[in-house]
Amino acid sequence: MKLQYFGTAAAEGWPGVFCRCEYCREAARLGGKNIRTRSQALLDGRILFDLPPDTYLHMLRDGLDLPHIRSVLITHTHQDHFYPEELGFRYGVFARGVDDTLTLYGNDAMAAALERVITGEGKSREVVDWREIAPYQPIEIEGYTVSAMLASHDRGERCYIYLVEKEGQTLLYGNDTGLFPEKTWEYLADKKLGLVSLDCTTGYAKEGRNHMGVPDVIEVKRRLTAMGCADESTRFVATHFSHNGRLLHHELEAALSPHGIGVAYDGMTAEV
Ligand SMILES: [Zn+2]
Ligand SMILES: [Zn+2]
Ligand SMILES: [Zn+2]
């Protein structure tokens with residue numbers, strides 16, 4: 001499995017769109033891996049995680065072949081993960097030669113939002129379709145077995161962590177998860193994970209209720225290892241960083257590398 005990271009920032013990007021803080025100024029000055037767009041990743045060139053407002057930039061900058069993507073897994077409907085208005089450009093005169101269906105998978109809030117956006121004259125579900133998925137009920141998508149598991153995030157909707165399995169390889173992909181709810185730990189009990197991608201929004205600060213910080217990511221790794229879900233061959237990567245966490249890329253590396261956890265950056269590829 002190959003996971004390509006296109007966006008590795010929290011909601012406002014880093015530098016934040018309107019922010020004047022010293023961490024945004026320093027990120028802009030240093031450039032490189034410190035420049036982070038809104039969260040998005042692609043599995044094996046096929047399965048896209050989230051549809052943030054920076055999706056088009058990822059197509060231009062990173063070679064995301066958006067016209068040919070057919071499956072998108074939405075973690076939750078916060079705007080930095082889900083910008084459905086963009087899908088209006090897959091129709092009619094806006095997109096020539098489209099003869100297949102782009103399907104979005106996610107929770108009921110995603111389905112309700114698409115119901116609102118994909119409506120009216122010519123907005124056929126043969127062009128953009130969606131499927132609401134229930135937690136802990138695996139489904140098949142393009143030859144992968146995909147399970148949605150509950151995260152601890154916005155209590156107003158069911159936010160999802162995705163488990164994707166194919167031919168003995170398993171990816172856990174979470175953003176905005178907090179420490180996992182017990183049902184999610186139970187679901188993971190007999191899984192062997194090859195790649196684990198987790199949010200690390202709050203820097204050194206322990207959080208766990210809505211997001212994770214460095215101590216929470218280390219705790220999730222510890223628990224997965226104690227459960228036998230992860231071992232030394234499992235690759236851990238942290239992503240979804242905020243300027244409010246106040247750790248630039250090299251500082252995140254200093255905090256996480258000693259614990260065997262990699263630090264994602266825009267354009268990074270993780271392979272297992
Ligand atoms: Zn987010
Ligand atoms: Zn800032
Ligand atoms: Zn969120």
Side-chain angles (χ1 to χ4, degrees), residues 3 5-42 48-55 57-58 72-84 86 104-113 135 148-162 172-181 184 197-205 207-214 216-217 220 237-252 263-266:
L3 188 68
Y5 288 89
F6 299 136
T8 58
E12 60 277 55
W14 192 350
V17 275
F18 295 111
C19 191
R20 299 179 184 182
C21 84
E22 60 181 293
Y23 302 97
C24 286
R25 286 202 309 271
E26 187 62 1
R29 190 184 71 78
L30 291 172
K33 295 174 183 174
N34 289 290
I35 305 299
R36 301 182 184 278
T37 62
R38 271 64 72 90
S39 289
Q40 188 169 47
L42 181 66
L48 193 59
F49 291 102
D50 285 336
L51 191 76
D54 296 326
T55 302
L57 171 65
H58 299 159
V72 186
L73 304 179
I74 301 293
T75 55
H76 62 304
T77 65
H78 287 174
Q79 192 238 21
D80 58 317
H81 299 269
F82 183 56
Y83 175 52
E86 196 79 285
L104 292 96
Y105 301 84
N107 64 16
D108 52 342
M110 177 208 73
M149 305 179 294
L150 289 175
S152 305
H153 190 49
D154 184 342
R155 271 61 184 173
E157 67 177 276
R158 299 189 318 248
C159 300
Y160 285 158
I161 301 163
Y162 285 105
L172 184 153
Y173 184 86
N175 265 324
D176 295 3
T177 69
L179 291 170
F180 306 165
T184 293
S197 182
L198 300 166
D199 99 74
C200 186
T201 313
T202 59
Y204 278 126
E207 217 267 29
R209 221 184 99 71
N210 300 300
H211 288 107
M212 290 201 275
V214 168
D216 304 301
V217 174
V220 169
V237 179
T239 185
H240 196 280
F241 303 109
S242 165
H243 57 142
N244 291 318
R246 303 191 288 187
L247 296 178
L248 292 155
H249 186 82
H250 65 281
E251 295 166 321
L252 285 161
V263 178
Y265 55 87
D266 287 23

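Atom set for the values below is all heavy atoms of this structure, side chains included, hydrogens, waters and symmetry mates excluded. Counting starts at 1 for both ligands and their atoms, following the listed order. All values derive from a computational prediction rather than experimental measurement.
Rounded to the nearest 10 degrees, the angle OD2 (Asp176) to the Zn ion (ligand 3) to NE2 (His76) equals 90°. Here the angle centred on the Zn ion (ligand 2), running from ND1 of His243 over to SG of Cys24, is 100°, rounded to 10°.
Distance check for Cys159 against the Zn ion (ligand 3): none of its N/O/S atoms falls below 2.8 Å. For the Zn ion (ligand 3), the N/O/S atoms of His78 include one lying under 2.8 Å.
The two residues Arg38 and His58 have their closest heavy-atom pair at O-CE1, 3.3 Å.
Under the side chain to side chain donor-acceptor pair (under 3.5 Å) test applied with His243, the options Glu26, Glu22, Glu12 reduce to a single match, Glu12.
Between His211 and His153, the angle of the ring planes goes over 60°, which puts this pair in the perpendicular group of the 30/60° scheme.
To the nearest 0.5 Å, atoms CG (Leu172) and CG (Leu198) are separated by 6.5 Å.
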| Please walk me through it: do Asn175 and His81 pass side chain to side chain contact (heavy atoms under 4.5 Å, CB included)? | CA-CA 9 Å; Asn175 265 324; His81 299 269; 3.7 Å; yes
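Atom OD2 is the N/O/S atom of Asp80 found closest to the Zn ion (ligand 1).
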